[in-house]
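Written out below as structure tokens is the structure these notes cover.
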There are 2 protein chains.
Amino acid sequence: MSSGEWFSALGLVAWLCCLSLGPVQGGKVLVMPVDGSHWLSMKILVKELSQRGHEAVVLVPETSLLIQGSESYKTEIYQVSYTRAAMAAMFNQLQEGVFLKPPVITDIFIDIERLINFTSMQEKGCESLLNNQPLMSQLKGGGFDLVLTDPFLPCGSILAHIFSIPAVYFLRGLPCELDTKANQCPSPPSYVPVSFTGNTDIMTFPQRVKNMMMSIFESYLCKMMYYNFDELVSRHLGDNLTYKDIISNGAIWLLRYDFVFEWPKPLLPNMVFIGGINCEQKAPLPADLEEFVNGSGDDGFIVFTLGSMVSNMPEPKAKQFIDAFRQIPQRVVWRYTGVLSDVPKNVRLMKWLPQNDLLAHPKAKAFITHGGTHGIYESICNAVPMLMFPLFGDQGDNVHRMVSRGVAEKLTMYDMTTETLLAALNRILHDKSYKEKIETLSQIHLDRPVEPLDLAVFWTEFVIRHKGAAHLRIAAHDLNWIQYHSLDVFGLFFIILVTVLWVTVKCCLLCTRMCFRKGTSKRKRE
Amino acid sequence: MSSGEWFSALGLVAWLCCLSLGPVQGGKVLVMPVDGSHWLSMKILVKELSQRGHEAVVLVPETSLLIQGSESYKTEIYQVSYTRAAMAAMFNQLQEGVFLKPPVITDIFIDIERLINFTSMQEKGCESLLNNQPLMSQLKGGGFDLVLTDPFLPCGSILAHIFSIPAVYFLRGLPCELDTKANQCPSPPSYVPVSFTGNTDIMTFPQRVKNMMMSIFESYLCKMMYYNFDELVSRHLGDNLTYKDIISNGAIWLLRYDFVFEWPKPLLPNMVFIGGINCEQKAPLPADLEEFVNGSGDDGFIVFTLGSMVSNMPEPKAKQFIDAFRQIPQRVVWRYTGVLSDVPKNVRLMKWLPQNDLLAHPKAKAFITHGGTHGIYESICNAVPMLMFPLFGDQGDNVHRMVSRGVAEKLTMYDMTTETLLAALNRILHDKSYKEKIETLSQIHLDRPVEPLDLAVFWTEFVIRHKGAAHLRIAAHDLNWIQYHSLDVFGLFFIILVTVLWVTVKCCLLCTRMCFRKGTSKRKRE
């Protein structure tokens with residue numbers, strides 16, 4: 001056995017030796033969530049873990065907007081260096097301008113800049129936690145079995161590294177596809193569409209050129225976007241480690257993926273697909289809301305929300321919606337926190353609405369959405385066709401997926417008019433193909449051997465039981481870029497080829513020269 | 001939306017439109033198995049499908065050795081152009097020489113040649129079936145929902161193509177990794193060891209060089225090995241189709257994989273892992289066998305079999321085993337069809353043995369095996385360490401995996417002596433690390449969200465319910481080699497780069513020339 005093999009065997013054996021065996025007797029899970037909509041689906045898993053006898057401690061920055069205490073889990077609140085108002089302003093900045101200016105190609109740069117500002121602020125929050133020695137000591141001594149975190153922010157994976165415990169990631173994906181890069185999952189740009197390209201998985205030559213250019217650009221984007229995280233990691237863990245290095249240690253990646261939504265692409269053994277996990281949180285509608293939607297008769301009702309972050313819009317824009325809704329027989333439940341006058345009787349404005357429960361109602365006919373992944377999965381689970389208004393971030397790509405599958409119509413918020421809105425709504429409501437296609441997608445999505453929540457719990461418990469999942473980790477993590485792509489091997493082949501050619505040419509030349517000399521001396525002798 | 005996107009959307013929509021919805025009301029499954037050990041695990045799935053209300057029709061060549069009728073499924077026997085004796089002789093040829101000659105590097109070529117002869121004979125059997133017009137018409141009108149087949153032989157996927165029904169594949173892997181190639185699953189040779197290299201997933205530079213060379217060689221090997229299949233496909237389906245093209249249409253690949261055995265590597269969404277499915281067939285031991293193994297006391301017993309194909313060996317070799325067994329307190333249950341005199345009391349020879357049931361017995365202490373995948377999974381399921389004698393084919397690689405995980409010892413049949421056998425057996429029986437490590441592997445292997453048999457049934461039924469699994473099929477299948485590797489895109493980048501450089505150089509030259517001329521004429525004027 002060679003040294004490499006011994007290393008492999010020893011590594012695995014080392015892991016095998018230190019395993020704790022037998023069923024989990026109530027594990028301890030340290031949860032490092034990301035505020036906003038990200039928390040909404042992670043919370044479902046945290047509550048379920050708690051119900052199954054595990055102890056979950058959720059770390060919450062004091063400025064949190066959506067992460068609240070619960071009977072199901074403990075919270076540990078830590079101080080940060082910014083105020084809740086500053087945090088809310090940063091959230092608002094992300095949506096700025098989406099209603100009032102035409103979408104242009106440079107939006108991507110504005111989006112990225114705002115995202116960097118947004119994550120930088122939260123990275124400072126992480127810094128505060130890491131420098132909070134009393135809390136850190138308390139956590140270190142807490143006997144946690146794993147960190148459950150969303151690697152959209154860096155703190156969870158840094159804590160897992162510091163406490164030397166495995167990390168389970170809960171995410172849909174990371175900006176500039178850092179998750180794919182860190183986990184070393186192959187992603188050939190010839191059929192895996194890159195974000196912001198507007199490509200599907202089947203591309204023409206110009207689309208593949210665009211995809212490749214964007215894929216190359218993405219590598220630089222990653223460096224730019226994660227600069228602050230890299231600095232944070234380097235400051236606290238040293239050794240020239242980058243954020244990508246740290247998250248590459250994730251034991252299991254719980255991805256909110258399903259191939260009725262995502263394009264099929266290569267995977268790795270430690271990737272587990274739990275798309276649609278957010279559909280599992282079900283409750284009956286409040287009585288007055290049930291009465292309102294049930295009273296919609298055969299026409300049914302429309303659910304309208306632009307996600308947890310956007311609950312308001314400029315009045316002229318809102319008026320356009322109101323004018324359109326006035327002309328349809330359907331009722332509309334609209335999450336809207338602004339003030340609107342002259343709201344027609346078929347429209348009910350709500351500060352917050354039970355989105356999944358409404359979409360699960362048999363009278364739900366259409367869903368007006370910004371194209372966030374939670375809403376899309378709830379639409380698929382409940383087979384409700386969509387009218388989509390992508391606002392920023394990944395929403396453009398999400399919407400593109402749904403439109404190309406024939407289950408949604410797309411409008412842009414800026415140039416929408418009452419007429420275009422009405423026309424699109426009428427298409428979705430009256431052209432049966434939208435409903436039929438989303439019913440089929442829904443049937444495929446719901447036809448699965450294990451429910452996403454059970455799968456997420458299973459793999460979290462697996463990591464607790466076995467102190468990781470080393471047998472699912474590819475060995476590519478031990479290779480550098482040159483080794484991974486076998487460039488050193490090809491280099492050797494090239495050197496051998498050149499040497500052989502050179503020797504052959506030299507031999508030929510030598511032979512020719514000798515023959516020529518012989519001929520000359522023969523002629524001389526003659 | 002561009003034409004490419006429309007194509008993508010239309011393709012998916014076309015599939016969505018023709019779906020049969022709702023639960024499966026007893027599907028009809030056409031089973032095209034491969035004789036020998038391959039059938040033993042597929043039979044478990046076929047029986048289970050039948051128990052769950054599906055109708056299975058198994059196509060059996062009249063010369064079949066192991067495929068027999070059953071109450072669970074119908075059989076349709078077809079005539080072939082060779083005799084059972086010729087078939088048995090071909091099986092025997094595969095094992096020829098493994099006991100009497102030293103293993104050398106060129107064995108790989110002998111192995112391949114024998115494998116080609118073996119599969120060629122069965123390809124002729126397939127030809128007989130395809131030319132059997134009455135049977136083909138009967139099958140075509142049989143209303144089958146899918147073909148369940150092992151693509152080790154070509155007939156199943158050809159039938160699926162002819163009858164335009166989806167195919168579900170049941171396999172561990174194909175020679176020269178045609179399964180990976182046909183399904184277009186990435187397999188970077190920098191960390192995915194190629195067959196026959198003796199590499200693990202962690203390789204030194206020389207090992208990576210060897211892996212790459214073998215990977216290149218494999219492509220030529222594939223052409224050689226599947227030449228007959230390609231001809232068959234081309235004769236019956238035309239259009240210059242190859243066997244690789246045909247099997248690339250598989251809806252679901254049920255792979256007898258588990259990462260306690262295989263090295264972790266990239267996957268695709270239509271690959272489902274059912275490693276260990278053969279452990280699920282359990283029955284109590286016959287009374288006399290139970291009495292024999294139970295009477296072994298604290299010393300326990302050893303299970304010894306070299307697979308379904310090798311049940312005999314030259315007498316001197318068998319004597320070596322007998323001499324070793326005579327010196328140990330353990331009892332031995334040995335599958336041996338030859339005649340042996342002077343067999344000690346602690347050894348029982350059997351024509352066929354219930355391998356999994358024996359390994360599942362609490363007194364089973366070791367398993368002497370050739371390293372077939374069925375035996376290995378049964379050893380892992382039941383946590384019994386192994387003494388391994390790889391004979392041919394993939395067994396060398398299989399054994400290497402187990403030895404490098406510290407759960408087995410390896411000997412070669414040729415140079416084994418009574419002493420080396422005794423020493424190896426004693427290490428396995430008395431060094432606790434083998435047992436501890438295989439117990440850990442076993443716990444990880446058995447810790448799964450769904451049992452392999454249930455998973456295999458689920459995905460087979462999924463294909464029946466949805467007439468395929470198009471949403472899991474990567475778009476790489478629509479690309480040629482140049483497109484897949486984006487060589488045309490890089491070509492364009494190269495042309496642009498060269499053009500830009502050429503224009504830049506030309507401009508610089510022009511400027512220099514003009515400046516020079518101006519200087520000259522100025523000096524002339526002066």
Side-chain angles (χ1 to χ4, degrees), chain A residues 1-5 7-9 12-13 16 19 21 185-186 188-191 200-205 207-209 212 259-260 263-269 404-406 437 440-441 443-444 447 449-450 454-455 458 462 465-466 471-476 478-479 483-486 488-489 492, chain B residues 1-5 7-9 12-13 16 19 21 185-186 188-191 200-205 207-209 212 259-260 263-269 404-406 437 440-441 443-444 447 449-450 454-455 458 462 465-466 471-476 478-479 483-486 488-489 492:
Chain A
M1 196 185 268
S2 72
S3 61
E5 288 162 20
F7 182 69
S8 165
L12 192 75
V13 165
L16 295 181
L19 287 187
L21 308 172
C185 184
S190 51
Y191 71 93
T200 70
D201 57 343
I202 297 185
M203 301 176 230
T204 58
F205 179 68
Q207 286 171 329
R208 284 194 294 111
V209 171
M212 179 62 82
F259 296 102
V260 295
W263 308 116
K265 59 180 187 174
L267 322 168
L268 290 180
S404 68
R405 282 173 150 91
K437 282 174 195 156
T440 308
L441 278 195
Q443 280 158 353
I444 296 170
D447 196 0
V450 191
D454 292 327
L455 208 56
F458 173 84
F462 183 97
R465 276 192 290 270
H466 302 284
H471 71 303
L472 301 179
R473 182 177 169 81
I474 54 167
D478 303 314
L479 302 174
Q483 292 167 328
Y484 179 90
H485 293 283
S486 299
D488 49 355
V489 175
L492 178 74
Chain B
M1 199 186 265
S2 71
S3 60
E5 290 162 19
F7 183 67
S8 164
L12 192 75
V13 165
L16 296 180
L19 288 187
L21 307 172
C185 184
S190 51
Y191 70 92
T200 71
D201 57 343
I202 298 185
M203 301 175 230
T204 59
F205 179 69
Q207 285 171 329
R208 284 194 296 112
V209 171
M212 179 63 80
F259 295 103
V260 293
W263 307 115
K265 59 179 187 174
L267 322 168
L268 290 179
S404 67
R405 283 172 151 91
K437 282 174 195 156
T440 308
L441 278 196
Q443 279 157 353
I444 295 170
D447 195 1
V450 191
D454 292 326
L455 207 56
F458 173 84
F462 184 97
R465 275 192 291 271
H466 303 284
H471 72 302
L472 301 179
R473 182 178 168 81
I474 55 166
D478 303 315
L479 303 175
Q483 292 167 329
Y484 179 90
H485 293 283
S486 298
D488 49 354
V489 174
L492 179 74

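Each chain gets a letter, A, B and so on, in the order its sequence line appears, and its residues count up from 1.
B:Gln207 and B:Thr204 share a side-chain donor-acceptor pair at under 3.5 Å.
Under a 3.5 Å cut-off, the side chain of A:Arg208 and the backbone N or O of B:Val489 do not form any donor-acceptor pair.
Heavy atoms only, all atoms of each residue included: B:Pro188 and B:Pro186 are closest at CD-C, 3.8 Å.
Here CE of A:Met203 is found 9.5 Å from CE of A:Met212. Values are rounded to the nearest 0.5 Å. Taking CZ from A:Phe205 and OG from A:Ser190, the interatomic distance works out to 12.5 Å, rounded to the nearest 0.5 Å.
At a 4.5 Å heavy-atom cutoff, the contact between B:Pro266 and chain A is made by backbone and side-chain atoms alike. Using a 4.5 Å cut-off between heavy atoms, B:Pro449 touches chain A through backbone and side chain atoms alike. In this structure, the portion of A:Leu479 lying under 4.5 Å from any heavy atom of chain B is its side chain and not its backbone. For B:Leu267, the parts sitting under 4.5 Å from any heavy atom of chain A are the backbone and the side chain alike. With a 4.5 Å cut-off on non-hydrogen atoms, B:Ile474 touches chain A through its backbone and its side chain both. Contact of A:Pro269 with chain B is made through backbone and side chain together, with heavy-atom distances under 4.5 Å. Both the backbone and the side chain of B:Phe259 come within contact range of chain A, each with at least one heavy atom under 4.5 Å from a heavy atom of that chain. A:Tyr484 touches chain B through backbone and side chain together, each having a heavy atom under 4.5 Å away.
B:Trp263 does not carry A:Arg473 over the face of its six-membered ring by the limits of under 6.0 Å from the centre and within 45° of the normal.
Chosen from A:Leu455, A:Asp447, A:Asp488, A:Val450, the residue pairing most often with chain B at heavy-atom distances under 4.5 Å is A:Asp447.
Ring centroids of A:Phe462 and A:His471 are separated by less than 6.0 Å, placing the two rings close together.
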